[in-house]
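The structure under discussion appears below in the form of structure tokens.
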Amino acid sequence: MGENRFLGFTIRPITARRLANFRANARGFWSLWIFLVLFIISLFAEFIANDKPILISYDGAIYTPVFKAYAETEFGGEFETEADYKDPVVQDLIRAKGWMVWPPIPYGFDTQVLGLPTPSPSPPSARNWLGTDDQARDVVARLIYGFRISVLFGLTLTLFSSVIGVVAGAVQGYFGGWTDLLFQRFIEMWDSIPLLYLLIILASMIEPNFWWLLGLLLLFSWMALVSVVRAEFLRARNFDYVRAARALGASDVVIMFRHVLPNAMVATLTFLPFILSGSVITLSALDFLGFGLPLGSPSLGEMLKQGKANLHAPWLGFTAFFVLAVMLSLLIFIGEAVRDAFDPRKIVTGGVPAEDTIGLDDDGAAAAKEPGQ
């Protein structure tokens with residue numbers, strides 16, 4: 001079988017076929033690029049929306065307020081506290097001996113905009129592109145930070161819950177018997193715990209934060225993939241290639257994750273976009289109900305809550321709804337393209353020949369095909 005090269009790396013035929021399948025799904029391919037651009041932009045939110053200058057030159061020295069807090073005395077002021085760069089006095093002191101570079105949006109997610117022409121929430125204007133919320137905070141700034149938190153939360157929760165769910169389902173399906181029976185009973189009992197009530201009770205005792213919510217939701221979200229992976233392992237554990245690997249002395253771990261799991265990835269990946277989008281929706285719903293991130297945190301769910309409470313300011317609800325709708329649509333389209341990429345039945349015309357791809361596991365070895373597989 002021939003090998004392809006990309007950016008100096010050797011790509012095996014099965015990988016080349018998967019990449020070709022992914023690119024063939026134009027909707028998912030372009031959704032990936034759009035999502036990556038938006039996500040990368042949000043990762044640099046401090047350089048895009050901040051109430052501190054990106055760079056300051058004062059008296060021949062360079063300062064970076066984005067990374068470090070400087071006292072007002074550093075710029076010839078009188079107070080030892082951190083400099084308020086929005087204060088005209090501090091700005092005059094800096095300009096007298098240097099200059100400042102401000103981000104495109106001179107507001108942080110928690111900055112209160114002063115001097116609004118109308119009471120908050122104020123409508124969109126040249127100063128505030130999407131207006132302000134009911135606490136006079138810039139909507140664009142909160143949108144950028146809220147998008148970053150939502151995506152990072154969803155990706156992190158999906159990653160950890162998928163790893164735990166795949167391992168749990170693989171153990172159940174591969175060993176079967178009492179292992180499968182006891183694990184199933186445990187999952188049934190664990191799944192019966194009402195998560196929302198548990199969140200309400202715990203939120204009354206401690207203040208939730210990003211990692212606290214992540215850990216709590218991870219206790220329950222890992223079960224989403226268990227049944228799918230378990231069914232695939234139950235089906236494949238008695239196939240000829242598994243018995244052959246066992247006869248050759250391969251360990252159970254090697255058989256499970258090197259031979260069986262790659263053939264179960266298609267069904268597994270089908271559910272990943274739903275888990276990812278569900279994680280984002282869960283965080284937004286908790287913030288909307290008041291049981292999510294701490295008060296004042298940038299959140300799409302909190303923006304939806306403000307839109308509901310301020311029907312006379314439709315830009316709040318429309319902005320949060322549009323961003324959530326676009327983000328979830330992009331994630332679903334990307335997930336569909338990834339599912340197609342790992343589907344061994346999809347062959348792109350002009351790509352890798354069918355005889356080089358069908359029936360290959362991730363090692364490039366021919367996998368024995370059972371009737372109906």
Is the distance between the ring centroids of Tyr85 and Tyr107 under 6.0 Å?
no
Within a radius of less than 6.0 Å around CH2 of Trp102, do more than 12 heavy atoms belonging to other residues, nucleotides or ligands occur?
yes
If you round to the nearest 0.5 Å, how far is OG of Ser57 from CD1 of Ile62?
4.0 Å
Please name the pair of heavy atoms, one in Ala49 and one in Pro103, separated by the smallest distance, quoted to 0.1 Å.
N-CB, 4.3 Å
For atom NZ of Lys86, decide whether the heavy atoms of other residues, nucleotides or ligands shown that lie under 6.0 angstrom number more than 12.
yes
Other residues, nucleotides, ligands: >12 heavy atoms within 6.0 Å of Phe220 CZ:
yes
Considering all heavy atoms of both residues, which atom of Ser162 and which atom of Thr158 are nearest to each other, and what is their separation?
OG-O, 2.6 Å
To the nearest 0.5 Å, atom OG of Ser221 lies from atom CD1 of Ile275 at 8.0 Å
For atom CZ of Phe186, decide whether the heavy atoms of other residues, nucleotides or ligands shown that lie under 6.0 angstrom number more than 12.
yes
Other residues, nucleotides, ligands: >12 heavy atoms within 6.0 Å of Ile206 CD1:
yes
Scan for salt bridge (Lys or Arg N to Asp or Glu O under 4.0 Å) pairs involving residues 52-73, sequence neighbours excluded, and state none if there are none.
Lys52-Glu82
Angle class for the Tyr58/Phe75 ring planes (parallel below 30°, perpendicular above 60°, tilted otherwise)?
perpendicular
N/O donor-acceptor pair under 3.5 Å between Ser125 side chain and Asn128 backbone
yes
Mutual orientation of the aromatic rings belonging to Tyr241 and Phe239 [parallel < 30°, tilted 30-60°, perpendicular > 60°]:
tilted
Quick one about Asp340 and Asn25 (side-chain donor to acceptor, distance below 3.5 Å, no hydrogens or angles considered), yes or no?
yes
Just how far is it from atom CG of Leu143 to atom CZ of Phe322, taken to the nearest 0.5 Å?
10.0 Å
Tell me, yes or no, whether the heavy-atom count around Glu188 atom CD, taken from other residues, nucleotides or ligands under 6.0 Å, exceeds 12.
yes
Nearest 0.5 Å, please: how far is CG in Leu219 from OG in Ser161?
11.5 Å
Measure across Leu225 and Leu272 and return the closest heavy-atom pair with its distance rounded to 0.1 Å.
CD1-CD2, 4.0 Å
Tell me whether the centres of the aromatic rings in Phe35 and Phe333 are closer together than 6.0 Å.
no
Nearest heavy-atom approach of Ser150 to Leu300 is OG-CD1, 3.7 Å
Could you tell me whether Arg137 and Asp110 make a salt bridge, using a distance below 4.0 angstrom between a side-chain N and a carboxylate O?
no
If you measure only the distance, is there a donor-acceptor pair under 3.5 Å linking the side chains of Glu302 and Gln306?
yes
Residue pair Gln112 / Gln135, side-chain donor-acceptor N/O under 3.5 Å:
no
Looking only at non-hydrogen atoms, find the nearest pair between Val139 and Asp133 and report the distance.
CG2-N, 3.9 Å
Does one side chain, of Tyr174 or Arg230, offer a donor that lies under 3.5 Å from an acceptor on the other?
no
For Glu46, is there an ion pair with Arg148 - N to carboxylate O distance below 4.0 angstrom?
yes
Chi angles and distances behind the salt bridge (charged side-chain N to carboxylate O under 4.0 Å, His left out) call for Asp287, Lys305
CA-CA 8 Å; Asp287 289 330; Lys305 183 178 180 181; over 6 Å; no
Provide the closest heavy-atom pair for Val90 versus Ala83 in the form atom of the first, atom of the second, distance.
CG1-CB, 4.3 Å
From Ile94 CD1 over to Tyr70 OH, what is the distance, rounded to the nearest 0.5 angstrom?
11.0 Å
Classify the side-chain pair Thr132/Ser120 by whether it contains a donor and acceptor separated by less than 3.5 Å.
no
More than 12 heavy atoms of other residues, nucleotides or ligands under 6.0 Å from CZ of Phe183: yes or no?
yes
Quick one: does any side-chain atom of Ser192 pair with a main-chain N or O of Met189 as donor and acceptor, under 3.5 Å?
yes
